[in-house]
Each structure stands twice: as C-alpha cells, then as structure tokens.
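The next block holds one structure in the form of structure tokens; read it before the comments.
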Amino acid sequence: MRLEKCWFCSSTVYPGHGIQFVRNDAKVFRFCRSKCHKNFKMKRNPRKVKWTKAYRRLRGKDMTQDTTFEFERKRNRPERYDRILTEQTLKAIPLITKIRHERQKKHITERQKGGKSMSRKKDAKELEQDLQMLPKKDTVAYEATKQKVIVSQLKTEENLMEE
C-alpha cells in the first residue's frame with residue numbers, strides 16, 4: 001500500500017482517496033481533498049495559505065530539520081524482502097514516533113517562551129499607560145477599617161508550670 005502526499009497541504013493521501021491531476025507535461029499532482037484541488041486551480045501559493053504544512057514550516061511553527069524525518073522519505077529503489085529487517089523496522093516504528101513527539105513537544109515549548117515574555121511586556125506597558133483608569137483607594141477610609149486585634153495567650157498547664 002503506497003501512501004502519497006498531497007501536493008498542496010502535504011497531508012497523507014490514502015489509496016482510493018483524493019484527486020489526481022496530470023498536467024500536459026505528464027507531471028502528476030495528487031490532492032487529499034477538493035479544498036486543496038480548488039486552491040491549486042486558483043493558483044494559490046501553499047506557502048502563503050496559513051493552514052498548509054509549507055506555511056507552518058516557513059514561519060518556524062513546525063520542525064523542519066530532524067533525523068526522524070529521514071524514515072518518512074520516499075525511496076524509489078526496491079528492497080529485497082528480509083524477514084529479520086522487516087521485524088526490526090516494525091519494532092523501531094513506535095520508538096521513532098515517540099522520539100518525534102517528544103522533540104515536537106520541546107520545539108513547541110521553546111517557541112512559546114518568547115510569546116509569554118512579549119505578552120508580559122505588553123501587559124506591563126498597557127498597565128503603565130492606563131494607570132489613571134484604575135480606581136484609587138481612599139486611604140482615610142482604608143485606615144478607618146483597620147483595627148488592632150490583641151491576641152491574648154491562653155494559659156495552659158505547661159505555661160503555669162514554667163512560672
């Protein structure tokens with residue numbers, strides 16, 4: 001079973017799904033759904049459409065360089081069937097996906113660090129500009145509501161023995 005990639009959004013196209021367009025020069029374009037096909041016919045650039053993989057990679061929102069992507073690459077050379085090699089490959093797939101997910105999680109957290117500091121700076125600047133809009137506390141009324149409370153220590157048996 002051969003899984004193809006959509007030309008426009010880079011998602012997986014499963015056998016029997018999607019649309020295939022063959023140009024006059026025999027170049028084949030595969031699309032996962034009609035949305036991608038229509039955008040291709042409208043001559044839209046996938047790097048400028050926000051929901052595509054190309055846009056996300058170009059803007060640094062998705063990982064682009066990682067050794068785990070090497071396993072996904074398409075190979076046109078046929079390999080001789082080897083039972084041991086196939087077994088090892090099938091055992092390695094879950095490990096590779098786990099490593100990829102951990103690296104993606106790390107990439108996302110690194111990406112979000114800058115946004116948090118920027119939002120804090122923005123909030124601080126906004127607070128500084130709009131400080132006069134905050135309600136001022138009446139210091140006289142605040143002081144009047146304050147009361148001193150005297151806490152007396154209860155005399156317990158231990159305290160009595162010490163005296």
Side-chain angles (χ1 to χ4, degrees), residues 1-138 142 145:
M1 179 169 81
R2 175 168 281 186
L3 302 177
E4 303 289 342
K5 293 285 182 186
C6 176
W7 185 87
F8 196 79
C9 71
S10 303
S11 65
T12 308
V13 182
Y14 291 94
H17 293 264
I19 302 163
Q20 190 172 9
F21 172 70
V22 182
R23 211 165 46 189
N24 287 340
D25 62 350
K27 173 129 175 66
V28 178
F29 298 94
R30 288 182 179 82
F31 304 103
C32 58
R33 52 187 180 260
S34 61
K35 178 181 180 181
C36 297
H37 187 223
K38 287 174 185 174
N39 278 299
F40 175 78
K41 288 194 290 187
M42 287 191 281
K43 297 184 178 181
R44 286 197 177 146
N45 189 348
R47 287 172 285 171
K48 292 183 180 179
V49 181
K50 289 189 177 184
W51 52 268
T52 61
K53 204 79 154 157
Y55 176 88
R56 294 187 60 78
R57 285 186 176 159
L58 185 69
R59 301 291 188 273
K61 296 180 183 298
D62 277 349
M63 289 192 317
T64 53
Q65 299 289 322
D66 195 26
T67 53
T68 57
F69 293 136
E70 189 70 25
F71 296 102
E72 242 181 65
R73 199 183 64 199
K74 185 177 175 182
R75 293 166 186 83
N76 288 327
R77 252 183 47 227
E79 290 288 326
R80 192 173 190 120
Y81 178 74
D82 184 10
R83 185 178 185 146
I84 297 168
L85 180 66
T86 307
E87 187 178 321
Q88 289 174 346
T89 305
L90 290 174
K91 284 182 181 177
I93 288 172
L95 181 66
I96 292 166
T97 54
K98 181 182 175 187
I99 291 169
R100 181 182 299 146
H101 288 305
E102 288 172 0
R103 289 180 182 174
Q104 284 176 341
K105 209 179 283 186
K106 185 179 175 186
H107 174 76
I108 290 168
T109 53
E110 290 293 321
R111 222 182 81 228
Q112 289 177 342
K113 280 184 182 176
K116 286 181 183 177
S117 63
M118 284 176 58
S119 67
R120 284 191 181 132
K121 287 179 185 176
K122 181 184 160 194
D123 291 343
K125 185 178 178 182
E126 187 177 338
L127 180 67
E128 191 178 301
Q129 288 176 349
D130 300 332
L131 196 60
Q132 71 278 2
M133 296 179 84
L134 292 174
K136 295 181 181 175
K137 291 184 179 178
D138 293 328
Y142 182 69
T145 58

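Only this structure's heavy atoms are used, side chains among them; waters, hydrogens and symmetry mates stay out. Bear in mind the structure is a predicted one, so any value in this text is a computation, not a measurement.
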So do the side chains of H107 and R103 get within less than 4.5 Å of each other, counting heavy atoms only?
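Contact flag for H107/R103 side chains = no.
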Please report the interatomic distance CZ(F40) to CZ(F21), rounded to the nearest 0.5 Å.
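So the gap between those two atoms works out to 5.5 Å.
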Under 3.5 Å, which donor-acceptor pairs do the side chains of residues 117-128 form with other protein atoms, sequence neighbours left out?
from: S117; atom 1: OG; to: G114; atom 2: O; distance (Å): 3.0
from: S119; atom 1: OG; to: G115; atom 2: O; distance (Å): 3.4
from: S119; atom 1: OG; to: K116; atom 2: O; distance (Å): 2.8

Under the salt bridge (Lys or Arg N to Asp or Glu O under 4.0 Å) rule, what pairs show up with a residue in residues 7-24, not counting sequence neighbours?
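Qualifying pairs: R23-D25.
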All pairs passing salt bridge (Lys or Arg N to Asp or Glu O under 4.0 Å) where residues 35-55 contributes a residue, at least two apart:
K53-D62
In chain order, what residues pass the side chain to side chain contact (heavy atoms under 4.5 Å, CB included) check against P15, with sequence neighbours excluded?
M1, L3
Under the side chain to side chain contact (heavy atoms under 4.5 Å, CB included) rule, collect the residues that match up with V22, sequence neighbours excluded.
V28
If every non-hydrogen atom of C9 is compared with every non-hydrogen atom of C32, which pair is closest and at what distance?
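Closest heavy-atom pair between C9 and C32: SG-SG, 3.5 Å.
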Tell me, please, which residues at least two apart from F8 pass ring-ring contact (aromatic ring centres under 6.0 Å, His included).
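Partners of F8 under the ring-ring contact (aromatic ring centres under 6.0 Å, His included) test: W51.
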Show every side-chain hydrogen bond (donor to acceptor under 3.5 Å, both in side chains) that has at least one partner inside residues 6-19, sequence neighbours left out.
none
With E110 via salt bridge (Lys or Arg N to Asp or Glu O under 4.0 Å) - residues at least two apart:
K113
Return all side-chain donor-acceptor pairs below 3.5 angstrom for residues 83-96, not counting sequence neighbours, or 'none' if the list is empty.
from: T86; atom 1: OG1; to: D82; atom 2: O; distance (Å): 2.8
from: T89; atom 1: OG1; to: L85; atom 2: O; distance (Å): 2.7

